[in-house]
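First comes the structure, then the notes that go with it.
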Amino acid sequence: MMETNAKRTGLIGLFTIYISFGLYQNPSYLYGLTRSASAQQRSNVKDRSPHKVLAGKSRSKPESCYSSDTEPYFNRWKLRFSPPHSNCTSTGKYLFFKHIRKAGGTTLRSYFNDVFLYHGKPRGMKEYGRSRRRPSEPDAVYFVEQEFSTMDYKCPIIDPRWNNSLRIITLRHPIERHISEFFFSGPGHQFPIKRDQLYVNQTYTKELSEFLEENVPAWMERDGGKEGMVGKFNMLFGRFYVDNFQLRALAGCSSRECLEEKNFTDENILKYIQNFHPSVKSYATPVPKCTNFIQVQRTTNLLEMCSKMQKDDCSNGCDGPCFYPSVAWGEMKTKDIERAFEALKAYDVVLLMETFDEEDQSAWLSDVMGVPRDANFALHKKHASNSVVQKSNKREKTHFYRDLFRKVAPSALTKLEYDNELEVAFFESAVEINKMKTGQWKREVVFQSSQS
């Protein structure tokens with residue numbers, strides 16, 4: 001246990017230094033209105049070593065549709081989705097939501113549905129039918145939600161669709177997220193938590209303890225479902241245990257250099273990655289019917305014709321940023337935290353499930369989306385969807401499952417922490433990114449107020 005804690009402390013310390021030198025030295029995060037993430041990426045592209053692709057002629061680096069190197073958070077929806085400029089390499093405009101399972105994704109999906117309705121761009125069944133008849137519309141904004149596949153960490157640099165998108169992600173403390181998945185779709189659903197019985201009913205608490213200590217390790221070790229997903233890029237993350245889940249979701253590899261480092265040699269999969277890589281395949285023209293649509297009857301449901309059914313023109317999956325194959329299998333290493341960190345920095349909004357219903361986080365997202373902060377669908381007014389246990393205070397929002405396991409299943413908790421120590425270190429860096437981006441937005445608000 002002491003060795004595990006020492007490792008974890010070392011990892012967090014390493015990435016505190018990485019954040020300090022990688023972000024805090026960037027003046028755009030410290031003063032006034034800042035350069036957009038994508039503008040910063042463009043300036044950094046010259047300093048990067050060329051992206052090594054598997055084969056074929058490499059396409060030029062994607063250019064952004066932004067008309068200025070300064071892009072405030074306020075109403076990025078309008079700024080990002082204004083008519084494209086001549087330097088655009090993609091005609092598609094996307095709201096890209098990286099959906100991390102059991103991290104508030106269903107709540108965000110409902111919120112995004114309201115945003116689309118507010119802007120007069122509904123994404124319901126009617127629009128799905130229309131998209132099959134009309135290939136594309138110049139003023140359309142497409143919704144794409146990536147939940148079951150990993151994201152190539154190089155996507156923000158090499159995929160032209162990235163720069164023409166608003167990119168949102170929500171993360172959650174890894175141990176809380178894993179245990180939530182265990183109770184939601186794992187063996188835990190057989191033994192629901194009864195809060196009124198916990199600790200006061202000795203029989204119930206003892207039975208719960210025995211159940212968790214036996215079933216959590218078995219759930220973690222059972223790899224039949226996980227192994228069955230190898231090669232199925234659009235279904236890498238299903239309703240089963242995957243260690244370092246959020247790290248794998250953002251640290252995918254598609255370059256030969258990265259794949260060789262991971263000793264990945266399956267020629268059939270390498271060829272598949274090559275054929276759909278942005279360096280050799282054009283993704284400039286959107287395929288509207290291969291984007292996501294929200295069912296009107298229940299706004300928490302998604303019409304996933306492209307990500308699950310995969311028929312007709314959507315046989316290769318959804319159309320949107322980062323929807324091309326990459327690999328995130330095998331052993332995770334410290335290098336993967338660096339990769340995921342680079343991808344995470346490029347998002348417009350990085351939310352944390354533990355705090356996303358707080359008023360400042362809600363106001364930040366409202367400003368980015370160009371909707372009123374006091375709208376009846378504002379994030380801080382949304383009720384959590386798919387929640388197994390309703391949390392009653394701030395401590396429970398951040399530590400409910402860890403506090404529970406420390407009392408009734410300490411061995412299972414130790415195993416989870418050891419198995420996911422890299423993901424925990426990555427999450428610590430995500431917390432800092434959230435603070436920095438929120439701080440940038442707050443400085444912009446102060447600046448705008450001083451000018452009015």
Side-chain angles (χ1 to χ4, degrees), residues 23 28-29 34-42 44-45 62-66 71-82 84 88-90 92-100 103-105 108-109 111-112 115-116 119 121 123 141-147 149-171 246 249-252 278 283 286 291-292 307 318-324 326 339-353 356 361 364-371 379 429-430 433-434 436-438 440-441:
L23 285 178
S28 68
Y29 278 96
T34 64
R35 301 179 65 189
S36 69
S38 295
Q40 186 66 39
Q41 291 160 12
R42 295 199 305 277
N44 289 342
V45 164
E63 295 293 335
S64 173
C65 292
Y66 313 153
E71 188 190 29
Y73 275 113
F74 186 75
N75 206 352
R76 277 198 185 180
W77 176 284
K78 180 178 179 180
L79 293 171
R80 196 66 56 85
F81 298 145
S82 58
C88 287
T89 58
S90 170
K93 294 171 287 186
Y94 307 88
L95 175 59
F96 175 64
F97 175 42
K98 181 59 178 173
H99 182 163
I100 300 296
L108 265 294
R109 181 187 297 161
Y111 173 83
F112 293 140
V115 169
F116 274 102
H119 287 294
K121 298 181 181 295
R123 296 293 296 169
V141 177
Y142 306 110
F143 178 58
V144 280
E145 180 178 310
Q146 188 184 68
E147 179 179 6
S149 56
T150 186
M151 168 185 163
D152 179 13
Y153 82 99
K154 289 278 192 179
C155 174
I157 300 172
I158 65 175
D159 190 334
R161 298 167 294 186
W162 182 269
N163 284 336
N164 306 329
S165 307
L166 262 178
R167 296 88 51 162
I168 316 293
I169 187 172
T170 303
L171 301 173
Q246 295 170 102
L250 293 168
Y283 291 102
T291 56
N292 292 135
S307 63
C318 297
D319 172 66
C322 310
F323 275 96
Y324 59 88
S326 63
R339 290 169 176 146
F341 183 84
E342 288 300 314
L344 190 63
K345 284 194 302 182
Y347 278 82
D348 294 289
V349 177
V350 176
L351 296 169
L352 307 173
M353 184 180 175
F356 78 2
Q361 300 292 299
W364 175 34
L365 185 60
S366 293
D367 281 2
V368 170
M369 293 296 174
V371 300
L379 191 58
S429 69
I433 291 178
N434 169 266
M436 285 183 289
K437 288 181 178 289
T438 305
Q440 175 188 345
W441 161 73

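Note that this is a predicted model, so its numbers are computed, not measured.
- Residues passing the side chain to side chain donor-acceptor pair (under 3.5 Å) test with N434 are Q361, sequence neighbours excluded.
- Separation of atoms CZ (R76) and CG (L365) is listed at 12.0 Å; rounding is to 0.5 Å.
- Residues C155 and Y324 are in side-chain contact: their nearest non-hydrogen atoms beyond the backbone lie under 4.5 Å apart.
- Checked against side chain to side chain donor-acceptor pair (under 3.5 Å), Q146 has the following partners two or more places apart in sequence or in another chain: K98, S149.
- Electrostatic pairing of K154 and D152 does not count as a salt bridge here, judged by no charged N lying under 4.0 Å from a carboxylate O.
- Here OH of Y73 is found 12.0 Å from CE of M369. Values are rounded to the nearest 0.5 Å.
- Rounding to the nearest 0.5 Å gives a distance of 9.0 Å between CE of M151 and CZ of R167.
- Side-chain N or O atoms of H99 include none that pairs as donor or acceptor with a backbone N or O of L108 at under 3.5 Å.
- The aromatic rings of Y347 and W162 stand perpendicular to each other, their planes meeting at an angle above 60°, with 30° marking the opposite boundary.
- Y94 has its side chain within reach of P286: a pair of non-hydrogen atoms, C-beta onward, lies under 4.5 Å apart.
- Proximity of E342 to I157: side-chain heavy atoms (C-beta onward) are nowhere separated by under 4.5 Å.
- A donor-acceptor contact closer than 3.5 angstrom is absent between the side chains of Y283 and D319.
- Distance check: I168 CD1 to F356 CZ gives 12.5 Å after rounding to the nearest 0.5 Å.
- Evaluation of the side-chain contact (heavy atoms from CB on, under 4.5 Å) rule for F143 yields L95, F97, F112, F116, R123, E145, N292, I294, L302 as partners, not counting sequence neighbours.
- Note that the CD1 atom of I169 and the CG atom of L352 stand 10.0 Å from one another [nearest 0.5 Å].
- Nearest heavy atoms, I158 versus P160: O-CD, 3.5 Å.
- Side-chain N or O atoms of R161 include one that pairs as donor or acceptor with a backbone N or O of G320 at under 3.5 Å.
- Of the inter-residue distances, the one linking L250 atom CG with L171 atom CG reads 6.5 Å to the nearest 0.5 angstrom.
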